[in-house]
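To start, the structure itself, in structure tokens.
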Amino acid sequence: MLALLESIHLVFELPLKLKRGAFPRPSLALCAALALAATSGGCILTADLPDPALDIPAAYKSASGAADTRPPTLDWWRGFRSQELTVLMEEAQTVNLDIAAAVARIRQADALAQTAGAALLPNVTGSFSGSRSRSSSTTGTITSATPITGRGEVTNHTASLSASYEIDFWGKNRDALLAAEETANANRFDRDVVALTTLASVANAYFNVVAAQERIRIATRNIASAQRIYDAIKARVDAGTGSDLDLAQQESLLANQKAAVPPLRQALAENANILATLVARPPERVQLAGGSLGGIAIPRVTPGIPSDLLTQRPDIRRQENQLASATASVGSARAQFFPSIQLTGQGGYQSAALAALFTPQSAFFNVAAGLTQPIFDAGRIQANFDLQQARQDELLQTYRKTVVSAFADVNTALSTLKQANERLRLQRIVVAASRRAFELSERQLGAGTADIVTVLNTQLTLFQAEDSLAQFQLARLLAVVSLYQALGGGWSPRTEGPANAL
């Protein structure tokens, strides 16, 4: 009862309490969503509007400089200058099954919004009935002395329209509609989250395919080099100037190089199958030309400023709409404390003769108004109100975590890309020095002046350095993709909204 009195008191103070700017520093999109909830709903109070209390940095910690202010473009994958990757990206956007399922969820949410909006309009039904009845031929108590007889038939035809309407005085149904519409918007942003994840997965899988091809080519060259060294050592053994131990060591190294190829072919097949799944085709229908890691361009990614991230990432916008939906649900739950006003009416025609049914004399109508006030429900309404408030608080914390995680994702991706570039630069120096050492040792081996241990060490070092270089090139490409994904992949909010239930 105290809760009811408190709620009534709040309703009378509603015009004074609803005002703009009552909560500091959420994102612009969240402000708009919650302002819409406050103005559209009938009973969303200032106290119901959450304060995200976001701490937005002025610049990214790992950003290279103040000039990086442009966000990525929507077709960010074109920066890699790979025609095959572009074709796969465009195909995934149209045929990917996860995206198709997300679109189906949008239609479901729109249908639920239509259902919620129906409560704001009158419910009208029409009916037509016809009946014919006959009473028993004998009525009353029958005795042999005084039988009582009677017989009659009654015919009745009725055509009527019935209407009922609940006056949404406290905004319960309006807030429920707003909650459903915000959920539908959240599903639209969820579709964009799925699309961004799908595109990043396509790029990662394609780069893994190219890297596997590159590493197989490196392994093949290394096997040929190891075979040349093996043949040279064997010639020395045959000439009596080499030892069987030297030959066995080289044979072991050659076998190890050959054994490294099957796992690479397996990785190639697995990533090709992943690509086939992402474009919704059987693996047999996907033919990949691939290429070399050196043939893929490295685009320059500009992260922009942190405050822009709040509108660039669809997962943040999804959480905003879910929070706005929960806020509207709080208002709808609050309105359940107050009376509901129901209007009903019925009118039509009733006649015993069908031919005389639609005549003025056969018309009838009745109207009624009712008010229902919850008095005792064992705490059900209060429990539902508490539930909605708790759900709102949960989504508020989830929204805050999503924003904080987004900033961390960008900083991590920037740092990873920076370190990947540095590691790749140093590894190229390692490869150049290792190749020079191996070439020198191979020439000395041919001249018969090389120490076999030196030859073994230099060729093993070169093999490992070249393979590591390919892996570092792949790591840089994956770091670029991660940065694009962390920045929202050039995403921008779509203009279309859920179907208007009214």
Side-chain angles (χ1 to χ4, degrees), residues 11 39-43 104 106-142 146-184 328-329 331-333 335-375 377 380-381 384 496-502:
V11 167
T39 55
S40 299
C43 198
I106 292 176
R107 296 201 305 270
Q108 296 174 36
D110 284 348
L112 290 175
Q114 289 282 117
T115 302
L120 290 171
L121 299 176
N123 182 28
V124 181
T125 59
S127 65
F128 178 84
S129 64
S131 64
R132 184 177 181 86
S133 61
R134 184 178 68 179
S135 61
S136 174
S137 59
T138 59
T139 59
T141 304
I142 302 176
T146 57
I148 301 175
T149 62
R151 185 180 184 84
E153 294 185 356
V154 177
T155 301
N156 190 34
H157 300 282
T158 303
S160 65
L161 287 177
S162 301
S164 63
Y165 177 64
E166 181 181 359
I167 300 178
D168 194 32
F169 188 78
W170 314 106
K172 177 181 66 176
N173 296 329
R174 173 68 64 177
D175 291 339
L177 170 61
L178 180 60
E181 288 180 337
E182 293 295 346
T183 299
S329 295
S332 179
Q336 294 179 16
F337 285 105
F338 309 121
S340 61
I341 303 173
Q342 188 79 20
L343 302 179
T344 59
Q346 185 181 26
Y349 298 90
Q350 189 174 39
S351 174
L354 184 60
L357 179 61
F358 298 103
T359 60
Q361 296 81 5
S362 300
F364 75 94
F365 75 91
N366 63 75
V367 294
L371 184 148
T372 304
Q373 168 63 53
I375 296 177
D377 63 353
R380 179 184 60 83
I381 296 178
N384 180 60
E496 71 267 18
N500 191 338
L502 300 180

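Along the sequence shown, residues are numbered consecutively beginning with 1. Bear in mind that the values here come from a model prediction, so they are computed numbers and not experimental data.
The aromatic rings of Trp170 and Phe338 are tilted relative to each other, their planes meeting at an angle between 30° and 60°.
Side-chain contact between Arg132 and Val154 is absent, with no heavy-atom pair separated by less than 4.5 Å. Contact check for Thr125 versus Leu161: no side-chain heavy atoms found under the 4.5 Å cut-off. Looking only at side-chain heavy atoms (C-beta outward), Glu166 and Ile341 stay at 4.5 Å or farther from each other. Put simply, the side chain of Phe169 does not reach to within 4.5 Å of the side chain of Pro339, judged on heavy atoms.
Legend: residues meeting side-chain contact (heavy atoms from CB on, under 4.5 Å) with Leu112, ordered by chain and number and at least two apart, are absent. With sequence neighbours excluded, the residues satisfying side-chain contact (heavy atoms from CB on, under 4.5 Å) with Asn156 are Ser131, Thr158, Gln350.
For Asp168 (side chain) and Asn173 (main-chain N/O), a donor-acceptor pair under 3.5 Å exists by modelled atom type. No side-chain donor-acceptor contact under 3.5 Å links Ser332 to the backbone of Ala328. At distances below 3.5 Å, at least one donor-acceptor pair connects side-chain atoms of Asp377 with backbone N or O atoms of Ile381.
The two atoms that bring Ala116 and Ala176 nearest to each other are CB-O, 4.0 Å, heavy atoms only. When every heavy atom of Lys172 is checked against every heavy atom of Ala335, the shortest pair comes out as CB-CB, 3.6 Å. Contact detail for Ala333 and Asn384: the closest heavy-atom pair is CB-ND2, 3.6 Å. What you find for Phe364 and Ala159 is that their closest heavy atoms are CE2-O, 4.4 Å.
A donor-acceptor contact closer than 3.5 angstrom is absent between the side chains of Thr344 and Ser164. Ser362 and Thr359 share a side-chain donor-acceptor pair at under 3.5 Å.
In this structure, CG in Leu371 is found 10.5 Å from CG in Leu343, a value given to the nearest 0.5 Å.
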Original post:
Given the rule in the side chain to side chain contact (heavy atoms under 4.5 Å, CB included) test, do Ser160 and Phe365 qualify, once you have shown the distances and angles that lead to the verdict?
Top reply: CA-CA 9 Å; Ser160 65; Phe365 75 91; over 6 Å; no
